[in-house]
Amino acid sequence: MSTATENTALFSKSHGNLVYLLEEDSKNADHIMLALLDWGYEVYTFENMQEIMQTVVKRRPDVLLLNTHASVISRVGMGLLRNVQNQQKNPIPIVFTSKFNDQKSLSAAIKANGDAFFCYPLHYDVIARKLRQLTLIEQQENYRVLIIDDSQQYADKYANALNKKGISTEILTTPVGIIKALNSQQPHLVMINTKLNHPGLSALELAMVVRQQNKFKHTPIVFFAQAFDQTLQRSVMQSISDDYLHENIDTDSLVDTVIKRIKNSQKQWRKPSNDPSHDRQTGLYNRQYLLAQLELLKHYDQVAHSLAVLFISLDNYHGIHQIMGLTASEQVLLSCAKQLQIFTETDDILARVNESLFIIISQNRTLEAVKMLAEKIRHNFASEAVNFGNSEIEISSSIGIGIYQANSGQPLQALRDAKTACISALKQGGNTVVVYGGEQMQNQLQQQHNHWQILLDNALQHEGFMLYYQPVVPLRGEPTAYYDVLLRLKVDGAKPVAAVEFIAIAAQLKLSLDLDRWVIQHSIAQLQSQADNDPPWRFFLRLSEQSLLDETFNDWLQTTLTNAALDKTRLIFELPQHYLEQHKSAAQTLLRQLKTWGYRRLVSGVSQVSELALLNQIKIEFIKLQPKIIQQLNEPNQLFNLKQLQQCCDQCTFIAPMVETSEQFNILWQNHISLISGYFVQKPTAHKLHHPGHLANQSH
C-alpha cells in the first residue's frame, strides 16, 4: 500500500488520474486501491484529514475518495475539508463511501458537497466509472444516459465508451425498476438490450413503459442487440424507439449516435419560455430581470431611502444534486423559493440568479430589519428539512448583506458588497449571515478592485470590450431602428460580462471617462460601417457622471464628432434626470452644446411633472420615463401621472423602458407612447464591429 509519508514519488508527474483515498479500514483500503490501480488510477492512501490537507498543498489530486467514518463527519474533519476546498481555485471532486446507508452518513456527504455516495458492498467498476466522469476535462453538456441490460453483457462496454467522451451513464440490471430509475436519473436518452432475460417483460414492452410516462414521452430510446433483427427495424418504424445499434458498433459511431439523438430531441421538443423575466423552475424573477433592474438602479440613482441586497447561497446544493439526483435538487429549490416568498414583501425584488443562488433587493427596511430578515431565512432553512422519499434533506445557507447609503456611492455597490459578504460566510463554514464591513472584507474588496483594475485596463488597451444593442421599438410605425448601446467585457471561453457587473467599480477606479470614450468611438465606427442600413440605425449613448464633470470631455467630444462626419440624427446622447439636479450647471452646458452641434438629447428617469420645467426650457427631444411608472401602470395614479407628463411636454418623444407584459404594452399603445424597450419586447443583441482606422487610432 502506498501512503503519503512513505512514498517520495508522490510529487512526481502522474501518468494517470490521481486519487487520494481515506479509508480507516486497512483491508478495505487495499481492495479499493487495487481495483482502482487496475483501472489506471494512481492512488495514495491517508490515515486522516490532516495528512490530506498537508499533501493537497503540494500536489492537487483529481479526486478525493473518503469514507464517512467519525473522523471525516466530525466537526474537525468537515472543517479541514472546507479548508482544503477553500484553497482551491476549483473545488476538488469528492466521492464518499460508507458502511452504513443511514441518514447521518448521507447528510455528511451532502453537507460536504460530495459528488457521489456509495454504500458497502462496493462495486469497484461502478466507482471507477464515476471517478472517470469526474476527472474528464471535457463534458458533453452533462448528458445522462440510462442503459438497461440485465445480462450486463454489453452495458459495461457501452458505458465505458460514453464515459470517455464525458457522457454520464447509469446501468439498470433490474428492468422492473425502470420508473424509479427514470425519476432518479432524469436521463436524456435510454438504451435497452433487446434480449432481456426478465420473464414476461420484453424490450418493446419496456420501451412502451417509458413512452407512457408523460415526463419522458419524448426521451430518445435506442435499442441494441447482438445482431440485426426485424424487431429493431419495426420498433423504429413504429416510433417506439429512435434508433438501433449492433454489438459490433465502433466507439465513435456509438457516441455520435447518442449525441445526435439527444440533440435532435432537444431541438424538436424544447419549448421556449413564454415569460422571459421569470425563472421557469421556481417561478421567481430570473437573472436577466434582476440585472435589468440593477442597470436601472445604475441609470436612475434616486434612492433616498434604505436599500439592501441579500445574497443567499445554498451551502450544500451541489451535494444534493450529485448524490440525491435531479429530482431531489429540484424539490429543494422549490421549497426554498416558497419559503423566500413568504418572507419577502411587495416592494422586495426576489430572484433566482443561478442554480443555487437567490437574491433579494429590499428597498424599505432598516439595517436591523434586514439583519432580522436574513436570520429568519437562515434559521428557517436550517430547521426545516425537505422530505424526499425515505430521506430528509437538510439545507443550510450562507447569506451576505450589502447596504446602500444615500450619497455614499451607487446602489449597485450594495450588490457587490453582498456578494463579498456571502463569500466570507461560505469561508466561515456556511449557515451564517455576514454584513459587509470590517477589515477582512476591506482587504477582499481591495483585492477585487485590483483584479478589476487589471481586467479593465487590459480591455481598454487591447479591444477587450464589445457592444450590445437593446432595441427601442417604435409603436407608431416609424421606419427607424433605435438602440440603447450597452457595454460588455469579453471573457475567453465565457459569455460577455454585462456592464452592471463592473460599472460601479469602474467609477471608483476613475475609469468611467475612458469607458465613455471607448463606447462613443466604437458606436460611431459601427454606424459608419452600417451607413446603408434601411431603416437607418440610431444609437442612444448614456454619459457617465465622470464625463459630465471632466473639463476636457466637451472639447474631446466636439473634436471626435467633427472628425466622424456622421449623420447627426444617428447619435442621441442621454443624461439621467438626477444629473440635472445634482450638477445643474455642467448638465445644462453639455446639453446646450450638443444642441448647438446639431445632436439630439435624451433625459432619462423622469417621473414627475415638476421635473419638466428645465427640460422644456432646454427643449429636449427625448424623455425616458422612470421604470416605476411602467411597472405600476395598472395603478390609476401612475396612469394619470403619465398623461400629465405627456400634456406638459407634448413636443418630446417619450420612451417607456422595461416593458415586461402585454398588459403594459397595450396601455402604452392606447396612451400614444412612441417608443418602448425591454426583454418582453426584444433582448439585447451583439453585432460584429468594424473599426475605421481614424477612429481606432484616436487616443483616449
Side-chain angles (χ1 to χ4, degrees), residues 66 68 72-73 78 91 93-120 123 126-127 130 133-134 142 144-146 168-172 174 176-188 190 209-210 213-216 219 279-284 312-343 352 354-358 377-399 430-431:
L66 310 176
T68 58
V72 178
I73 64 174
M78 282 298 182
I94 307 174
V95 174
F96 284 98
T97 64
S98 176
K99 290 183 178 179
F100 309 102
N101 189 15
D102 60 354
Q103 187 66 44
K104 185 177 181 181
S105 298
L106 186 63
S107 296
I110 290 174
K111 286 180 180 178
N113 274 323
D115 293 271
F117 179 81
F118 298 103
C119 287
Y120 284 81
H123 299 282
V126 176
I127 293 178
K130 185 63 181 180
Q133 293 171 18
L134 295 174
N142 296 318
R144 299 180 298 278
V145 174
L146 177 63
S168 176
T169 59
E170 294 291 338
I171 297 174
L172 178 65
T174 54
V176 291
I178 178 66
I179 302 299
K180 183 178 180 181
L182 288 171
N183 290 324
S184 173
Q185 305 302 330
Q186 301 283 313
H188 295 97
V190 177
V209 170
V210 176
Q213 309 304 307
N214 188 57
K215 194 171 183 178
F216 303 102
T219 299
D279 173 46
R280 295 179 65 180
Q281 195 167 358
T282 63
L284 304 179
I312 305 166
S313 176
L314 302 184
D315 296 329
N316 49 344
Y317 177 82
H318 177 83
I320 295 168
H321 181 76
Q322 294 297 103
I323 295 174
M324 301 293 290
L326 180 63
T327 305
S329 60
E330 287 181 344
Q331 191 163 325
V332 167
L333 286 175
L334 290 174
S335 174
C336 292
K338 289 178 181 178
Q339 292 182 56
L340 290 172
Q341 286 176 307
I342 293 173
F343 286 114
R352 179 193 176 210
N354 70 19
E355 60 179 8
S356 60
L357 178 64
F358 299 89
I377 293 171
R378 183 201 63 76
H379 175 75
N380 208 63
F381 280 0
S383 60
E384 294 190 13
V386 176
N387 292 319
F388 181 72
N390 296 324
S391 301
E392 287 190 343
I393 304 176
E394 297 179 2
I395 310 168
S396 66
S397 59
S398 296
I399 304 178
N431 196 23

Identify the heavy atoms of [X] and [Y] that sit nearest to each other, and give their distance.
X: Ser396; Y: Asn316; value: N-OD1, 3.6 Å
X: Ala181; Y: Leu172; value: CB-CD2, 4.1 Å
X: Ile323; Y: Ile110; value: CD1-N, 4.0 Å
X: Gly114; Y: Phe96; value: CA-CE1, 3.9 Å
X: Pro187; Y: Leu182; value: CD-O, 3.6 Å

Query raised in the report: Quick one: OG on Ser168 to CD on Glu170, what's the gap to the nearest 0.5 Å?
Result: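 The CD atom of Glu170 is 5.5 Å from OG of Ser168, to the nearest 0.5 Å.
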Query - CG-CD1 distance between Leu314 and Ile320, expressed to the nearest 0.5 angstrom - result: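 If we round to the nearest 0.5 Å, Leu314:CG and Ile320:CD1 are 7.0 Å apart.
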Quick one, [X] and [Y] - any side-chain contact, counting heavy atoms below 4.5 Å?
X: Ile377; Y: Gln339; answer: no
X: Tyr317; Y: Leu333; answer: yes
X: Leu66; Y: Thr97; answer: no
X: Asn183; Y: Phe216; answer: yes
X: Phe118; Y: Lys130; answer: yes
X: Ile393; Y: Met324; answer: yes
X: Phe381; Y: Cys336; answer: yes
X: Thr219; Y: Val190; answer: yes

Query raised in the report: Salt bridge or not for Glu394 and Lys111, using N-O below 4.0 Å?
Result: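 Yes, charged N to carboxylate O under 4.0 Å.
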**Report entry** side chain to side chain contact (heavy atoms under 4.5 Å, CB included) between Thr282 and Lys338, intermediate numbers included
**Finding:** CA-CA 8 Å; Thr282 63; Lys338 289 178 181 178; over 6 Å; no
Would you check if the side chain of [X] reaches a backbone N or O of [Y] as a donor-acceptor pair within less than 3.5 Å?
X: Asp115; Y: Val95; result: no
X: Asp315; Y: Ser398; result: yes
X: Arg144; Y: Thr169; result: no
X: Asn113; Y: His318; result: yes

Requested in this report: Go through the steps to decide whether Ser397 and Phe358 satisfy the test side chain to side chain contact (heavy atoms under 4.5 Å, CB included), and finish with yes or no.
Outcome: CA-CA 10 Å; Ser397 59; Phe358 299 89; over 6 Å; no
Requested in this report: Apply side chain to side chain contact (heavy atoms under 4.5 Å, CB included) to Leu357 and Arg352, showing your working.
Outcome: CA-CA 6 Å; Leu357 178 64; Arg352 179 193 176 210; over 6 Å; no
Requested in this report: Begin with the C-alpha distance, continue with both residues' side-chain angles, and end with the deciding distance and a verdict on side chain to side chain contact (heavy atoms under 4.5 Å, CB included) for Glu392 and Val386.
Outcome: CA-CA 6 Å; Glu392 287 190 343; Val386 176; over 6 Å; no
Query - side-chain hydrogen bond (donor to acceptor under 3.5 Å, both in side chains) assessment of Ser335 paired with Gln331 - result: CA-CA 6 Å; Ser335 174; Gln331 191 163 325; over 6 Å; no
